[in-house]
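Throughout, numbering of the chain's residues begins at 1 and tracks the sequence.
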Amino acid sequence: MNRSRPRSTAELERLLQERTADLQRVKAEYDNYRKRVRRDRLAVRQIAAANVLTGLLPVLDAVDRALAHEPPTPGLKDIADTLESQAGGLGLVAFGEVGDEFDPTRHEALAHHVRADADRLVCTAVLRPGYRLGDQLLRPAHVEVTGPPPARATRSDPPFPPHPYIRRA
């Protein structure tokens with residue numbers, strides 16, 4: 001193995017710069033890899049928590065119904081408190097309150113009551129609470145809404161609102 005030695009300081013500086021650039025590239029790739037692995041682990045954890053909590057929603061509903069229909073026994077109260085604290089510890093948040101403004105991205109209206117003096121749709125009864133995990137909607141809240149009567153369509157109105165990218169003649 002006959003390797004010739006660099007003959008000048010310029011040659012040494014060039015080799016040092018090449019090796020330094022290689023090292024910086026490898027370090028940047030490793031840093032990106034670590035960030036990607038951390039992000040993937042958090043995403044897997046979020047998906048796993050969402051799957052577990054989605055499976056527990058019927059249990060939460062059953063406990064809520066039991067509490068609503070009979071006086072809570074110490075055992076049932078303990079179960080309800082434990083479920084609530086453990087689910088909350090995983091990030092589960094219940095939503096849907098009487099008086100909330102109706103939001104079709106978070107609520108599912110099962111009944112619409114008309115009130116002439118209303119100016120917007122408001123949730124007047126929560127039939128089943130909704131749940132979210134962070135920004136992820138696990139289940140919309142089932143609600144009854146009260147609001148103004150729907151606007152009457154005239155014969156000149158198109159059956160669908162105009163699409164912004166389709167030009168009509």
Side-chain angles (χ1 to χ4, degrees), residues 1-65 67 76-110 119-123 126-143 145 147 151 157-169:
M1 188 155 125
N2 188 8
R3 294 181 85 179
S4 62
R5 292 187 166 181
R7 296 193 170 107
S8 68
T9 58
E11 179 76 14
L12 285 173
E13 286 182 19
R14 184 186 63 77
L15 286 173
L16 178 64
Q17 288 174 352
E18 284 178 13
R19 298 306 182 268
T20 302
D22 289 344
L23 182 62
Q24 288 172 342
R25 253 189 314 279
V26 168
K27 182 184 180 311
E29 287 174 6
Y30 180 68
D31 288 343
N32 289 337
Y33 168 77
R34 277 194 359 236
K35 289 176 188 174
R36 188 172 52 250
V37 166
R38 185 180 312 124
R39 187 179 59 239
D40 291 348
R41 283 182 182 159
L42 289 174
V44 166
R45 182 181 184 275
Q46 182 84 4
I47 291 167
N51 288 339
V52 167
L53 291 171
T54 300
L56 283 177
L57 293 183
V59 176
L60 291 170
D61 291 339
V63 169
D64 286 343
R65 280 191 307 272
L67 288 171
L76 181 59
K77 181 78 171 116
D78 188 39
I79 290 171
D81 292 343
T82 303
L83 267 173
E84 183 179 323
S85 67
Q86 292 299 315
L90 290 173
L92 185 70
V93 177
F95 65 89
E97 299 288 328
V98 172
D100 286 351
E101 185 169 353
F102 176 72
D103 180 359
T105 61
R106 298 178 40 210
H107 301 105
E108 189 172 328
L110 301 181
D119 59 344
R120 59 190 172 94
L121 288 174
V122 176
C123 299
V126 178
L127 307 173
R128 188 175 79 174
Y131 292 97
R132 62 183 170 83
L133 180 63
D135 292 337
Q136 181 183 3
L137 179 70
L138 297 182
R139 182 178 79 188
H142 286 182
V143 297
V145 295
D157 288 342
F160 299 103
H163 193 278
Y165 301 117
I166 298 175
R167 180 176 259 160
R168 299 196 187 259

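Taking the ring-ring contact (aromatic ring centres under 6.0 Å, His included) definition, one finds that H142 meets it with nothing, sequence neighbours left out.
The shortest heavy-atom contact between L138 and A50 is CD2-CB, 4.0 Å. Of all heavy-atom pairs between V145 and L121, the closest is CG2-CD2, 4.1 Å. Of all the heavy atoms in L133 and L92, the pair that sits closest is CD1-N, 3.9 Å. For F95 against P140, the heavy-atom pair with the smallest separation is CZ-CA, 4.4 Å. Of all heavy-atom pairs between A80 and V63, the closest is CB-CG1, 3.6 Å. Minimum heavy-atom separation, F102 to C123: CA-SG, 4.2 Å.
Side-chain contact between D22 and V26: absent, with no pair of heavy atoms (C-beta onward) separated by less than 4.5 Å.
A salt bridge links K27 to D31: at least one charged side-chain nitrogen sits closer than 4.0 Å to a carboxylate oxygen. Look at R14 and E18 and you find a salt bridge, because one of the NZ, NE, NH1 or NH2 atoms lies within 4.0 Å of a carboxylate O, short of that distance.
In this structure, R132 CZ and L53 CG are separated by 13.0 Å, a value rounded to the nearest 0.5 Å. One distance of note links CG of L67 with NZ of K77; it measures 7.0 Å at 0.5 Å rounding. Separation of atoms NE2 (H107) and CG (D100) is listed at 5.0 Å; rounding is to 0.5 Å.
Counting only residues at least two apart or on different chains, the side-chain hydrogen bond (donor to acceptor under 3.5 Å, both in side chains) pairs with a member in residues 42-61 are D61-R139.
Atom CD of Q136 has more than 12 heavy atoms from other residues, nucleotides or ligands within 6.0 Å.
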